[in-house]
Asks: 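I have a structure here, written as structure tokens, and I will follow up with some questions on it.
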Amino acid sequence: GNIVAGTEWQSVKTTNVTATASQGIFMNSTGGPKTVTLPSSPTIGDEVSVIDYAGTSETNNITIGRNGSNIQGSATDFTLATNRGSVTFVYSDGTQGWLIRDRMSGWGG
């Protein structure tokens, strides 16, 4: 089996980024809509997490680009549009693709 060492959180991103397996992305969409693209050749158990760093994704959505794989069984990108929201995807297979493992709506404040 695979040994999972946990999420490798990246420094805050202010430009579009392509994630790799096991990465956590703090995305700052203050300057406009952003895209986090999922890995192109995922294997079962790969995970990617995205957090709305600045609490601006309702105004400036953060798109999660599927990069050729399904998300929740659909050939459709995912949109994070809740301020302070976060989402973690785990790759299952070629049919369902990336499934949402954890999703949290934003915190007030």
Side-chain angles (χ1 to χ4, degrees):
N2 293 341
I3 297 173
V4 178
T7 304
E8 300 168 9
W9 288 96
Q10 308 301 298
S11 59
V12 176
K13 303 300 180 190
T14 57
T15 58
N16 296 339
V17 63
T18 297
T20 60
S22 300
Q23 281 190 333
I25 307 294
F26 295 110
M27 181 53 79
N28 181 346
S29 68
T30 300
K34 298 293 182 283
T35 299
V36 175
T37 302
L38 293 169
S40 62
S41 298
T43 58
I44 187 169
D46 283 356
E47 292 190 9
V48 172
S49 298
V50 180
I51 293 178
D52 173 17
Y53 167 82
T56 55
S57 64
E58 283 181 20
T59 301
N60 295 319
N61 294 170
I62 299 169
T63 298
I64 312 301
R66 64 189 193 86
N67 205 1
S69 297
N70 285 340
I71 295 179
Q72 306 268 89
S74 175
T76 305
D77 292 338
F78 179 88
T79 302
L80 183 60
T82 303
N83 286 348
R84 301 284 183 199
S86 65
V87 61
T88 298
F89 297 93
V90 60
Y91 187 78
S92 61
D93 60 24
T95 302
Q96 293 298 313
W98 295 94
L99 299 177
I100 294 174
R101 189 187 79 165
D102 295 305
R103 183 176 182 185
M104 193 159 75
S105 57
W107 291 81

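All figures in this text were calculated on a predicted structure; none of them were measured in a lab.
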Asks: Do R103 and T88 make a side-chain contact, defined as non-hydrogen atoms from C-beta onward lying under 4.5 Å apart?
Replies: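 The answer is no, as the side chains (C-beta and beyond) never meet within the 4.5 Å cut-off.
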Asks: Counting distance only, does the side-chain N/O of N61 pair as donor-acceptor with the main-chain N or O of T63 below 3.5 Å?
Replies: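 Judged by distance alone, no pair lies under 3.5 Å.
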Asks: Hydrophobic cluster membership, with links at side-chain heavy-atom distances under 4.5 Å among I/L/V/M/F/W/Y: are I100 and V50 in one?
Replies: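 Yes, it is one cluster - the side chains of I100 and V50 are joined through contacts under 4.5 Å.
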Asks: If you round to the nearest 0.5 Å, how far is NZ of K13 from CZ of F26?
Replies: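 F26 atom CZ to K13 atom NZ measures 11.0 Å (nearest 0.5 Å).
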Asks: When rounded to the nearest 0.5 angstrom, what is the spacing between CH2 in W9 and CD1 in I51?
Replies: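 Going from CH2 on W9 over to CD1 on I51, the span is 3.5 Å.
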Asks: Say whether, by atom type as modelled, one donor and one acceptor occur between the side chain of R66 and the main chain of F78 under 3.5 angstrom.
Replies: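 It does not hold such a pair.
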Asks: Does S40 reach the main-chain N or O of N67 with its side chain, forming a donor-acceptor pair under 3.5 Å?
Replies: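 No, because the side chain of S40 does not come within donor-acceptor range (under 3.5 Å) of the backbone of N67.
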Asks: Keeping N83 on the side-chain end and E58 on the backbone end, is there a donor-acceptor pair under 3.5 Å?
Replies: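 Here the side-chain-to-backbone pair exists.
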Asks: Applying the 4.5 Å side-chain criterion to the ILVMFWY set and letting contacts propagate, would I71 and I25 be lumped into a single cluster?
Replies: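 Yes, same cluster.
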Asks: Quick one: closest heavy-atom pair of G94 and N70, and the distance?
Replies: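 Result for this residue pair: O-ND2, 4.1 Å.
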Asks: Taking side chain as C-beta onward, heavy atoms only, is S86 less than 4.5 Å from S49?
Replies: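 No, every pair of side-chain atoms sits at 4.5 Å or beyond.
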Asks: Run the numbers on Y91 and L99 for side-chain contact (heavy atoms from CB on, under 4.5 Å), then give the verdict.
Replies: CA-CA 6 Å; Y91 187 78; L99 299 177; over 6 Å; no
Asks: Check the pair S29 / T56 against side chain to side chain donor-acceptor pair (under 3.5 Å), numbers first and verdict last.
Replies: CA-CA 6 Å; S29 68; T56 55; 2.8 Å; yes
Asks: Under 3.5 Å, is there a donor-acceptor pair between the side chain of D77 and the main chain of G65?
Replies: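 The answer is no, because no donor-acceptor pair under 3.5 Å joins these two groups.
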Asks: Below 4.5 Å, heavy atoms only, C-beta onward: do W98 and V90 meet side chain to side chain?
Replies: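 Answer no - side chains too far apart.
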Asks: Regarding S57 and D52, do their side chains bring together a donor and an acceptor under 3.5 Å, going by distance alone?
Replies: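 Side chains of S57 and D52: pair found under 3.5 Å.
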Asks: What are the two closest heavy atoms between T7 and Q23, and how far apart are they?
Replies: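 Looking at all heavy atoms of both residues, the shortest contact is CG2-C, 3.8 Å.
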Asks: Is any side-chain heavy atom of I62 closer than 4.5 Å to one of I64?
Replies: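 Of all side-chain heavy-atom pairs linking I62 with I64, at least one is under 4.5 Å.
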